[in-house]
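Read the structure below first, then the notes.
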Amino acid sequence: MSVKPSDMGMLGDIPAAEMRAALHRMAGWAADYRETIETRRIVPLVRPGQVTAGVGAAMPDDPEPLSEILGDLDDVIMPGIVHWGHPSFLGYFGSTSNGPALLGEIAAAALNVSAMTWRTSPAATELETVVLRWIRELVGLPTSFTGIVYDTASVAVLHALAAAREAAFPDVRARGTMGRADLPRARVYASNQAHSSLQRAMIVLGLGEENVVRIDTDTAFRMDVGGLKHAIADDVRRGYLPLAVIATVGTTTSASVDPVREIAAECRARNIWLHVDAAYGGAIGVLREKRHLMDGLELADSVVVNPHKWLFVPLDFSTLYMRQPEALRALFSLVPEYLRGDASGQRTASEGEAIDYMDYGIQLGRRFRALKAWMVFRAFGRSGIEARLREHCRLAEQLAAWIGKAPQFMLCAPVVMSVVCFRFTPSGMDDRARDALNEAIVDAANASGEVYLTHSRLAGRTVMRIGIGNVLTTEAHLRAAWDRVLAECQRLHAV
Ligand code: PLP
């Protein structure tokens, strides 16, 4: 039965029968999308403004039928989509799309609860706590850490640094930092490979982007601890306050791993907060044979792990583990009168009690993110997660082996996880020309619509970069991507 817009009235929700039909259609749409994703061009052939023109400038005055809106999803929106879930999308860290996660998102959308306090939805809060424990155990973090879910690692580092700042200057929550002559200049140290989200956090916290001290890395792109010690000692001499060090386990470009244990020793000796950015790399702790890459994490004050990067939970889902979660609570807990009835008023974060997650960050309303993670972790199981991660590492090593055998190619960083950085270095060209060529190869390969990779910089030179993290990616996809790169090298270099 189709219902005309005029029949729907102007109040209430869409009639149940029409909604049910639309939901069935949508479920079929999503299933078809997943099943046919491989047949699509990865990057769309749209011009800037084309989607906007298709959508139309003005919001409709009158109701429109769902059938028409769903039709426009295909006609107007889909032509402007980059298919991140395509098995040959090898940009960034791959994509974490998968079936069980999709079910979790549908359920969370239907429920639309806010996990701000335990009472506002006990299951949302308790499942979050359970899933946080599962992840902690899965990646091998000790039980001395307690987690909280945020949307992204960028927001997680903001909270970690806010806690570090409060630990160093206990009354910032109340008095702020403006106009205070009693506060020294605070400095935060990270390698030259650390993610830029740190800078954003410094901007938001009023600590200043200039107070990020970038430390050099060694030939494997790991932080030089000697350089770190030197920079800290220098700052102390100048009267600055070393506030925090960010060590990275799995850097953005090459997945290199900083020597966390050594860094932690320096932090302990000088009473400096240690935050470990394991946003991508934390997943490696699932693999027993690679768990040594997590060495020293137990010494950190805070650790971020993003299941939306490599633990098969789609955007967005980031977990921050704190040794002293009360520090966050002391900093952010603020219960306005209208929420007092729903707040549990608990004073500690000890597990098993009614936690109000709104107390642990800047967000009040919080999505029921744990649902999708729970569905994925149950549907794949620990063994399934382990097998998939192991396969991604094997694929990365396989690609590295092909690169190793290809003349005029070089591997630009050790392959530690599921990321491979490489460069085409034909003779008779200077490095700047090679930079331009490598960038052009990536652009041309991506323009084919059959593969997607990214380029980045390592040691001052442009590199091509492939990240593997999609459950659909197989060796055949990787081989096809590599063949495409080789074909573009030949085509562009011969010109
Ligand atoms: N840390 C690392 C190592 C990253 O590679 C990234 C993003 O790629 C981030 C942090 C920021 O992640 P998010 O997008 O969750 O803020």
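Just so you know, ligand 1 is whichever comes first in the structure, and atom 1 is the first atom listed for that ligand.
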Nearest to [atom], what protein heavy atom do you find, and at what distance?
atom	result
atom 11 (C) of ligand 1	His195 CE1, 3.4 Å
atom 14 (O) of ligand 1	Lys309 NZ, 3.7 Å
atom 16 (O) of ligand 1	Ser154 OG, 2.5 Å

Salt bridge flag under 4.0 Å for residues Arg323 and Glu298: no

Less than 3.5 Å between some nitrogen or oxygen of [X] and one of ligand 1, yes or no?
X	value
Ser197	no
Thr248	no
His308	yes
Ala153	yes

Give a yes or no on whether the ring-centroid distance for [X] and [Y] is below 6.0 angstrom.
X	Y	result
His83	Tyr33	yes
Tyr452	Trp84	no
Trp374	Phe368	no

Pick one of side chain, backbone, both or neither for how [X] approaches ligand 1, counting any non-hydrogen atom pair under 4.0 Å.
X	result
Asp277	side chain
Val304	neither
Phe93	side chain

- request: Check ligand 1 against Thr252 and write out every atom of the ligand that is under 4.0 Å from a heavy-atom position of the residue.
  value: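 Answer for ligand 1: 2 (C), 3 (C), 4 (C), 5 (O).
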
field: For Gly250, the ligand 1 atoms whose distance to one of its heavy atoms is below 4.0 Å
entry: 3 (C)

query: Heavy-atom distance under 4.5 Å between the side chains of Leu389 and Trp310, does that happen here?
result: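 In contact.
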
message: Do Asn438 and Arg461 have side chains that approach each other closer than 4.5 Å (heavy atoms only, starting at C-beta)?
response: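 Heavy-atom side-chain distance check fails, nothing below 4.5 Å.
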
query: In terms of the angle between their ring planes, are Phe93 and Tyr280 parallel, tilted or perpendicular, with boundaries placed at 30° and 60°?
result: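 It falls in the parallel class, under 30°.
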
With a cut-off of 3.5 Å and sequence neighbours excluded, list every side-chain donor-acceptor pair involving residues 105-113.
| unit_1 | atom_1 | unit_2 | atom_2 | d |
| --- | --- | --- | --- | --- |
| Glu105 | OE1 | Arg367 | NH2 | 2.8 |
| Glu105 | OE2 | Lys372 | NZ | 3.3 |

